[in-house]
Asker: 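Next up is a structure, given as structure tokens.
Computed from a predicted model, the values in this text were never measured in an experiment. No hydrogens, no waters, no symmetry mates; every other heavy atom, side chains included, goes into these values.
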Amino acid sequence: MIIIYPKKNVFSIIKTTQIVAGNDAAIEDFPFIAEVQGRAKRQDPWKHYCSAVIISETMLVTSAACIRGPKVNRRVKCGLENLSDKNIQIRTIKHSKIVSITKHPHNNWNVKDEFGVQFDNNVAVIELHSPLNFGPKCQSISYTTIKGCGGFKNCQISGWGFIDDNKTETETLQFADISVISNAECNDLVDPKVPKRQICTHDNKKQPCNGDAGGPLTCEINERRVLVGVFGWLYDCDAKNPTFYTHVAYYTFFIEKWTDIKGIP
């Protein structure tokens with residue numbers, strides 16, 4: 001079982017994931033995805049760390065794993081299709097917030113809690129120092145307030161993570177159509193149980209992998225594509241087991257409190 005950490009061993013820890021068995025993506029089709037870059041210390045070069053999702057010119061949603069460490073060692077890039085693209089926007093991070101659980105003050109996003117729930121509350125928001133300039137390659141997406149997954153259609157994932165179980169890297173943004181299964185179905189496949197605040201995706205070939213942490217799961221709800229989850233964790237990259245996204249609808253109070261941006265039903 002693996003919690004998703006940043007890619008390319010920037011901090012000498014487990015690498016995050018890319019899309020396994022995905023396809024090359026055009027950034028114009030996924031303008032809401034941003035790259036989070038990281039470095040171990042100021043003098044080190046910037047490297048791919050994980051992903052985030054743009055919800056306004058200055059606000060993004062990501063996983064809590066993506067904002068570990070000093071803000072000075074993180075930055076955000078948008079408008080890129082290839083990691084080596086030069087004509088992109090780069091922004092520094094002003095503030096970041098993770099979920100604080102009052103009921104269980106010692107329950108962190110990266111541990112198993114007293115009920116056996118794995119990696120819960122793995123969500124964070126990022127505020128940028130200066131706003132992004134929106135256009136065809138850099139744009140926000142609305143997040144859903146609808147809990148459950150019964151009405152999700154045509155779901156997609158995207159990211160710059162590994163593209164197979166052999167840890168093959170790619171410079172180009174990847175995407176895949178993906179199936180969302182109910183938590184009841186998911187709990188028949190995995191142990192320990194998966195809480196309602198997480199979304200299970202499962203496909204025999206396609207899945208996110210290391211390097212995709214914080215990246216989007218989007219679906220069509222009421223004929224509109226919206227953000228439903230950010231990538232949290234996985235067992236492995238061989239597509240045999242489900243993968244798990246933090247269900248943003250269960251964190252609308254948290255997101256709205258720190259971003260002043262409301263979701264849509």
Asker: Could you tell me the separation between the CD1 atom of I199 and the SG atom of C186, rounded to the nearest 0.5 Å?
Answerer: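 Nearest 0.5 Å value for the CD1-SG distance: 11.0 Å.
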
Asker: Mind checking whether I54 and L132 have side chains closer than 4.5 Å, heavy atoms only?
Answerer: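 I54 reaches L132 side chain to side chain.
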
Asker: Run the side-chain hydrogen bond (donor to acceptor under 3.5 Å, both in side chains) test against E81 and tell me which residues pass, sequence neighbours left out.
Answerer: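 Scan of E81 (side-chain hydrogen bond (donor to acceptor under 3.5 Å, both in side chains), adjacent residues dropped) gives none.
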
Asker: Sequence neighbours excluded, which residues qualify as side chain to side chain contact (heavy atoms under 4.5 Å, CB included) partners of R75?
Answerer: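 With sequence neighbours excluded, R75 shows a side chain to side chain contact (heavy atoms under 4.5 Å, CB included) to Q37, W46, I90, given in chain and number order.
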
Asker: Is there a side-chain contact between T243 and H202 in this structure, where contact means two heavy atoms from C-beta onward sitting under 4.5 Å apart?
Answerer: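 They are not in contact (no side-chain heavy atoms under 4.5 Å apart), so the answer is no.
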
Asker: Heavy atoms, side chains only, cut-off 4.5 Å: are L189 and I181 in contact?
Answerer: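 L189 vs I181: side chains touch.
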
Asker: With a sphere of 6.0 Å drawn around CD of E223, does it hold more than 12 non-hydrogen atoms of other residues, nucleotides or ligands?
Answerer: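 Open: at most 12 neighbouring heavy atoms sit under 6.0 Å from CD of E223.
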
Asker: With H129, which residues qualify under side chain to side chain contact (heavy atoms under 4.5 Å, CB included), at least two apart?
Answerer: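 Result, side chain to side chain contact (heavy atoms under 4.5 Å, CB included) vs H129: T92, K94.
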
Asker: Is there a side-chain contact (heavy atoms from CB on, under 4.5 Å) between T218 and C155 once you walk through the steps?
Answerer: CA-CA 6 Å; T218 66; C155 296; over 6 Å; no

Asker: Using modelled atom types and a 3.5 Å cut-off, is there a donor and acceptor pairing between side-chain atoms of D85 and backbone atoms of N87?
Answerer: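 Between the backbone of N87 and the side chain of D85 there is no qualifying donor-acceptor contact (under 3.5 Å).
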
Asker: Can you confirm whether R42 sits close enough to V72 that some side-chain heavy atom of one is under 4.5 Å from a side-chain heavy atom of the other?
Answerer: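 R42 reaches V72 side chain to side chain.
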
Asker: Which pair of non-hydrogen atoms, one from F244 and one from C200, has the smallest distance, and what is that distance?
Answerer: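 In terms of heavy atoms, the two residues are closest at CE2-SG, 3.5 Å.
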
Asker: For A124, check side chain to side chain contact (heavy atoms under 4.5 Å, CB included) against everything at least two apart and list the hits.
Answerer: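 For A124 the side chain to side chain contact (heavy atoms under 4.5 Å, CB included) partners, ignoring immediate neighbours, are T62, I67, I98.
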
Asker: Who passes side-chain hydrogen bond (donor to acceptor under 3.5 Å, both in side chains) against S130, sequence neighbours left out?
Answerer: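 Partners of S130 under the side-chain hydrogen bond (donor to acceptor under 3.5 Å, both in side chains) test: R91.
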
Asker: I'd like a table of donor-acceptor pairs (distance under 3.5 Å, sequence neighbours excluded) in which one partner is a side-chain atom from residues 135-150, with atom names and distances.
Answerer:
{"unit_1": "S142", "atom_1": "OG", "unit_2": "R224", "atom_2": "NH2", "d": "3.3"}
{"unit_1": "Y143", "atom_1": "OH", "unit_2": "I261", "atom_2": "O", "d": "2.5"}
{"unit_1": "Y143", "atom_1": "OH", "unit_2": "G263", "atom_2": "N", "d": "3.1"}
{"unit_1": "T144", "atom_1": "OG1", "unit_2": "I146", "atom_2": "N", "d": "3.0"}
{"unit_1": "T145", "atom_1": "OG1", "unit_2": "I264", "atom_2": "O", "d": "3.4"}

Asker: With D188, which residues qualify under side chain to side chain contact (heavy atoms under 4.5 Å, CB included), at least two apart?
Answerer: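 None.
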
Asker: Go through the steps for E35 and L80 under the test side-chain contact (heavy atoms from CB on, under 4.5 Å), then give the verdict.
Answerer: CA-CA 8 Å; E35 183 198 17; L80 67 157; 3.6 Å; yes

Asker: Find the distance between CG (N154) and CD1 (I178) and round it off to the nearest 0.5 Å.
Answerer: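 One gets 13.0 Å once the value is rounded to the nearest 0.5 Å.
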
Asker: Could you list all the side-chain hydrogen bond (donor to acceptor under 3.5 Å, both in side chains) pairs where at least one residue sits in residues 50-61, not counting sequence neighbours?
Answerer: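 For residues 50-61, and leaving out neighbouring residues, there are no side-chain hydrogen bond (donor to acceptor under 3.5 Å, both in side chains) pairs at all.
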
Asker: Going by the rule side-chain hydrogen bond (donor to acceptor under 3.5 Å, both in side chains), which residues pair with D177 if we only count those two or more places apart in sequence or in a different chain?
Answerer: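 Only Q156 meet the side-chain hydrogen bond (donor to acceptor under 3.5 Å, both in side chains) criterion with D177.
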
Asker: Using a 4.5 Å cut-off on heavy atoms from C-beta on, say whether the side chain of K71 contacts that of S96.
Answerer: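 Result yes, sub-4.5 Å side-chain heavy-atom pair found.
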
Asker: Taking the side chain as every heavy atom from C-beta outward, state whether L173 and I33 have any pair of such atoms under 4.5 Å apart.
Answerer: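 In short, these two side chains touch, coming nearer than 4.5 Å.
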
Asker: Drop me the distance from I93's CD1 to E127's CD, to the nearest 0.5 angstrom.
Answerer: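 Going from the CD1 atom of I93 to the CD atom of E127 covers 11.0 Å.
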
Asker: Restricting to ring-ring contact (aromatic ring centres under 6.0 Å, His included), what partner residues turn up for F32, sequence neighbours left out?
Answerer: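 Result, ring-ring contact (aromatic ring centres under 6.0 Å, His included) vs F32: none returned.
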
Asker: Check C78 against I88 and note the closest heavy-atom contact, atom names and distance.
Answerer: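 Shortest heavy-atom contact: O-CB, 3.5 Å.
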
Asker: Locate the shortest heavy-atom distance separating D203 from S179; write the atom from each residue and the value.
Answerer: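 Residues D203 and S179, closest heavy atoms: OD2-OG, 4.5 Å.
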
Asker: Pick out which of F152, W233, F231 makes a ring pair (Phe, Tyr, Trp, His ring centres under 6.0 Å) with Y245.
Answerer: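 The option that passes is F231.
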
Asker: State, with a plain yes or no, whether a side-chain heavy atom of T201 is found less than 4.5 Å away from one of L217.
Answerer: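 In contact.
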
Asker: According to salt bridge (Lys or Arg N to Asp or Glu O under 4.0 Å), who are the partners of E220, at least two apart in sequence or on a separate chain?
Answerer: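 Here the qualifying residues are R225.
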
Asker: What are the two closest heavy atoms between N82 and S84, and how far apart are they?
Answerer: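 Result for this residue pair: OD1-OG, 2.7 Å.
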
Asker: Establish, from distance only, whether the side-chain atoms of Q198 and N183 form a donor-acceptor pair under 3.5 Å.
Answerer: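 No, no side-chain donor-acceptor pair sits under 3.5 Å.
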
Asker: Sorted by first residue and then second, give each side-chain hydrogen bond (donor to acceptor under 3.5 Å, both in side chains) pair with at least one member in residues 252-265; sequence neighbours left out.
Answerer: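 Non-adjacent pairs meeting side-chain hydrogen bond (donor to acceptor under 3.5 Å, both in side chains): zero.
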
Asker: Can you name the closest pair of heavy atoms from N187 and V194 and give their distance?
Answerer: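 Where N187 meets V194 most closely, the heavy atoms are OD1-N, 2.6 Å.
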
Asker: Would you say T246's side chain and N122's backbone share a donor-acceptor pair under 3.5 angstrom?
Answerer: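 Present.
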
Asker: Might you work through the side-chain contact (heavy atoms from CB on, under 4.5 Å) test for M59 and V125, ending with a clear yes or no?
Answerer: CA-CA 7 Å; M59 296 292 181; V125 295; 5.7 Å; no

Asker: Look at the aromatic rings of F30 and F175 and report parallel, tilted or perpendicular, splitting at 30° and 60°.
Answerer: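 Taking F175 first and then F30, their aromatic rings sit tilted (interplane angle of 30° to 60°).
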
Asker: Evaluate side-chain contact (heavy atoms from CB on, under 4.5 Å) for L60 paired with V53, printing each intermediate quantity in order.
Answerer: CA-CA 5 Å; L60 301 90; V53 187; 6.0 Å; no

Asker: Locate the shortest heavy-atom distance separating A52 from V36; write the atom from each residue and the value.
Answerer: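 Shortest heavy-atom contact: CB-CG2, 3.8 Å.
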
